[in-house]
Undergrad: 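Below: one structure in structure tokens.
Whatever order the structure lists ligands and atoms in, that order sets their numbers, starting from 1. Quick caveat: nothing in here was measured; it's all calculated off a predicted structure.
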Amino acid sequence: MSGKENDYIDEAFKTNWIAPLGPNLDAFEKETRAVTGAKEAVAVSSGTAAIHLALSLLNVTKGDTVFCSSLTFIASANPIIYQGAEPVFIDSEPDSWNMSPQALEQALQDAFREGRLPKAVIIVHLYGQIAKMDELLALCGQYNVPVIEDAAESLGSTYKGKASGTLGKFGIYSFNGNKIITTSGGGMIVSDDIEALQRARFLATQARDAAPHYQHSNLGYNYRMSNILAGVGIAQMQVLNERVEARRKVFTRYEKELGHLPGFTFMPELDNTRTNRWLTALTVDKRKAGVTTAQLIHALAERNVEARPVWKPLHLQPLFRGTKYYPQDKENHIAEQLFQTGICLPSGSNLSEAEQQRVIDCIKEVQARTSLTKGII
Ligand SMILES: Cc1ncc(COP(=O)(O)O)c(C=O)c1O
């Protein structure tokens with residue numbers, strides 16, 4: 001927290017705006033529009049709810065397909081199932097770790113041939129890194145398929161100067177407790193289509209018709225953010241840039257200290273993009289490094305430090321067994337390779353230099369020990 005959150009919460013209590021509407025909510029949405037450049041923003045209860053609303057707005061329904069990045073958190077794809085539609089998973093490419101234009105092209109060509117184009121493509125910006133949007137948007141434009149940007153992890157990142165989440169038809173952010181800024185739980189849907197987002201607001205508040213009594217002609221949801229949590233969001237949005245700087249500093253330090261170790265390759269940053277480095281992620285080639293990511297995660301855990309594997313690709317999840325998936329090409333299944341070799345290090349904006357040094361020392365020590373035993377150095 002930045003310290004200012006309580007002021008906005010107190011104001012909500014003083015003025016008795018204890019509801020999913022009120023001045024904090026309006027101000028948080030306004031602030032989000034100002035920070036991202038999106039024409040409209042609607043605050044909701046989670047990033048997952050925001051994706052669900054985006055799919056509803058695009059009339060995704062039973063029997064439809066939706067393409068989605070495979071290398072991501074499950075929440076990117078669950079709302080596809082909520083709508084009764086079918087996901088098709090698209091592999092990553094190595095430059096950004098995000099959706100592969102090559103795999104997407106193949107998937108779109110096949111879908112076109114079968115007369116079954118997807119209703120939407122969900123492109124995820126993993127760990128803050130923006131996908132190759134020019135290429136991906138051009139492909140989707142060619143087939144007239146709308147893009148939902150899952151920018152849950154990438155608020156504060158930019159692509160050619162534009163905010164992540166503002167490049168497709170709809171963008172979504174998450175303010176879950178683990179995100180770059182947080183409202184403890186919450187999300188936002190943004191778009192330049194003001195009319196569509198008016199409908200999002202309507203759907204998010206139980207889709208109540210304009211009648212003096214309670215009347216409903218559409219299926220709605222209870223997805224609006226509370227005015228109290230929006231107060232937390234206003235104060236958090238004011239420190240977004242600071243948080244991005246802090247996370248980038250954490251990344252740079254890890255890279256400087258560990259980047260020279262054999263087989264250690266840090267997540268790249270695409271030209272003309274600036275990532276928020278939400279999490280510092282890297283791959284470790286066990287043949288060169290003499291150590292596996294599992295060994296590193298275990299050694300860190302023994303020192304009470306939490307590190308994590310990269311997301312398990314969704315096409316490998318038991319929940320999605322049998323789901324269609326397009327790899328980068330026959331030989332290269334990039335998301336699987338990243339899952340097998342990837343690790344996320346502690347990356348909190350408030351990580352102290354001493355804490356980070358503990359992580360660095362542990363990794364150096366384990367790598368040196370294991371590679372010595374294996375006769376690598
Ligand atoms: C890529 C991605 N998409 C969607 C979500 C869902 O956001 P929320 O937890 O706010 O529902 C998250 C994070 O939780 C995420 O990391």
Undergrad: Please report the C-alpha distance between Thr158 and Arg274 in whole Å, then the side-chain angles of each, then the deciding distance to 0.1 Å, and finally whether the side chain to side chain donor-acceptor pair (under 3.5 Å) criterion is met.
TA: CA-CA 5 Å; Thr158 56; Arg274 189 165 192 272; over 6 Å; no
Undergrad: Are more than 12 heavy atoms, taken from residues, nucleotides or ligands other than Lys364, located less than 6.0 Å from that residue's NZ atom?
TA: yes
Undergrad: Give a table of atom pairs where an N or O of ligand 1 lies under 3.5 Å from a protein N or O.
TA:
| residue | atom | partner | partner atom | Å |
| --- | --- | --- | --- | --- |
| ligand 1 | 3 (N) | Asp150 | OD1 | 3.2 |
| ligand 1 | 3 (N) | Asp150 | OD2 | 2.7 |
| ligand 1 | 7 (O) | Ser174 | OG | 3.4 |
| ligand 1 | 9 (O) | Asn176 | ND2 | 3.3 |
| ligand 1 | 10 (O) | Gly47 | N | 2.7 |
| ligand 1 | 10 (O) | Ser174 | OG | 2.7 |
| ligand 1 | 11 (O) | Gly47 | N | 3.3 |
| ligand 1 | 11 (O) | Thr48 | N | 2.9 |
| ligand 1 | 11 (O) | Thr48 | OG1 | 2.5 |
| ligand 1 | 14 (O) | Lys179 | NZ | 3.0 |
| ligand 1 | 16 (O) | Glu153 | OE2 | 2.6 |

Undergrad: Given side chains that start at C-beta, do those of Tyr127 and Arg277 come closer than 4.5 Å, heavy atoms only?
TA: no
Undergrad: What closest approach, in Å, do Glu355 and Ser352 show between heavy atoms, and which atom pair accounts for it?
TA: OE1-N, 2.8 Å
Undergrad: Between Leu57 and Ile189, is the side chain to side chain contact (heavy atoms under 4.5 Å, CB included) condition met? List the steps.
TA: CA-CA 11 Å; Leu57 292 169; Ile189 176 168; 4.1 Å; yes
Undergrad: Judged by modelled atom types alone, do Gln129 and Glu269 share a side-chain donor-acceptor pair under 3.5 Å?
TA: no
